[in-house]
Number of protein chains: 2
Amino acid sequence: MLDDQVALDLVFHALADPTRRAIVERLTRGPASVGELAAPMPMSLAAVMQHIRVLEESRLLHTEKLGRVRTCTIAPEALVRAEAWLGERRILWNRRLDRLGALLDEDEKHGTENEGTSS
Amino acid sequence: MLDDQVALDLVFHALADPTRRAIVERLTRGPASVGELAAPMPMSLAAVMQHIRVLEESRLLHTEKLGRVRTCTIAPEALVRAEAWLGERRILWNRRLDRLGALLDEDEKHGTENEGTSS
DNA sequence: CAATTACTAAAGTACTTGCTTGACTATTAC
DNA sequence: GTAATAGTCAAGCAAGTACTTTAGTAATTG
């Protein structure tokens, strides 16, 4: 529960940068080396490496070095976790709206005037 | 497309903080005033106000002031947008894995040995 | 072997965050 | 009107971020 919070911190923070999202987008099309990921980016390879480290620490991807090239692969679990958190919020919010709507319908039938949001 | 990127930057950055996620979680149960949101937090009301501003700028919530109390309400569109981005990545990744799996099955039938990741 | 390639490590820097405190402004209550 | 409430503004600060450059190391190639 507590580590869960930290994990979400890391994932959302990792995704809050366009370069890092671009890396994730690239990797959904298949694994790539650090060099391949850096090539289209308007910054130094060292900078891209730092982004990769952030993504790895957030568990959005994992890497493996073979010879002199490090290959990066997406690791979907972290992505799924973030999606689950968002989905949960959406569901709870919609459920609440439904309840509110139902209450309003009830009130309409009985001709009452107050909203009835249980504080 | 370009503003889209900025919007995602803002939403993910806003969600990368546990205090702000707690605010969003609270608001999924219904609107609340700044004071109500600040009460359970281990920081000054001014600090909570700043978090609320970040959330508002990311369009995760909207606020309205009536008399001397400002009421905050969740605004689900931004949340849905972030969820959509994540969902898209997951779908593309799974589709790729399916294709890869199908190729491996094919290869097995034909008794070939190479993987066939189109570089 | 020497040169190239593919990364890695470290230090420096401009900018941004997440707070704080203190002073201030409107409402509302007594 | 005076006092309490609910929020706002702004300055300041410690820590963190997103880069850079420079100087490496370990694999591969010719």
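Because the structure is a prediction, the values reported are computed rather than measured. Letters A, B, ... are given to chains in the order of the sequence lines, protein chains preceding strands, and every chain is numbered from 1.
Contact detail for T19(A) and H51(A): the closest heavy-atom pair is CG2-CD2, 3.7 Å. Looking at every heavy atom in both residues, D17(B) comes nearest to D9(A) through C-OD1, 4.3 Å.
Residues T28(B) and R96(A) fail the side-chain proximity criterion, which asks for heavy atoms closer than 4.5 Å. Using a 4.5 Å heavy-atom cutoff, the side chains of V34(A) and L45(A) are in contact. For the pair L60(A) and L15(A), the minimum side-chain heavy-atom distance is below 4.5 Å. The side-chain heavy atoms of E25(A) and L92(B), taken from C-beta on, include no pair separated by under 4.5 Å.
Atom CD1 in I23(A) sits roughly 11 Å away from atom P in dA18(D) (whole-Å rounding). Taking atom CG on L37(A) and atom C1' on dT8(C), their separation rounds to 16 Å, with Å as the unit. Rounded to an integer number of Å, the gap from M41(A) CE to dC19(D) C1' is 14 Å. Separating the CG atom of L45(A) from the C1' atom of dG24(D) is a distance of 14 Å, rounded to the nearest angstrom. When rounded to the nearest whole Å, the span between CZ of R53(B) and P of dC19(C) equals 14 Å. When rounded to the nearest whole Å, the span between CZ of F12(A) and P of dT17(C) equals 18 Å. If you take CG of D17(A) and P of dC15(C), they are 18 Å apart, rounded to a whole angstrom. The distance between atom CG of L15(A) and atom P of dA18(D), rounded to the nearest whole Å, is 12 Å.
Distances from the side chain of M49(A) to the nucleotides dC19(C), dT8(C), dC19(D) place dT8(C) closest. With dT20(D), dT20(C), dG7(D) as the candidates, the nucleotide lying closest to the side chain of S44(A) is dT20(D). Candidate nucleotides dG7(D), dT20(D), dG18(C) were compared by shortest atom distance to the side chain of H51(B), and dG18(C) ranks first. The A46(B) side chain lies nearest to dC9(D) when the options are dT20(D), dC7(C), dC9(D). Among the nucleotides dC7(C), dT20(C), dC19(D), the one closest to the side chain of T19(A) is dC19(D).
Contact between the side-chain N/O atoms of R20(A) and the OP1/OP2 oxygens of dA18(D) is found at a separation under 4.0 Å.
Heavy-atom nearest nucleotides on DNA chain D were determined for A47(A) and for H13(A), and the one closer to the 5' end corresponds to H13(A).
In this structure, the side chain of R21(A) engages the main chain of Q5(B) through a donor-acceptor pair within 3.5 Å.
For the contact set between residues 64-75 of chain B and DNA chain D, defined by any heavy atom under 4.0 Å, the members are K65(B), R68(B), V69(B), R70(B).
Put simply, the side chain of Q50(A) and the base of dT20(D) share a donor and an acceptor less than 3.5 Å apart.
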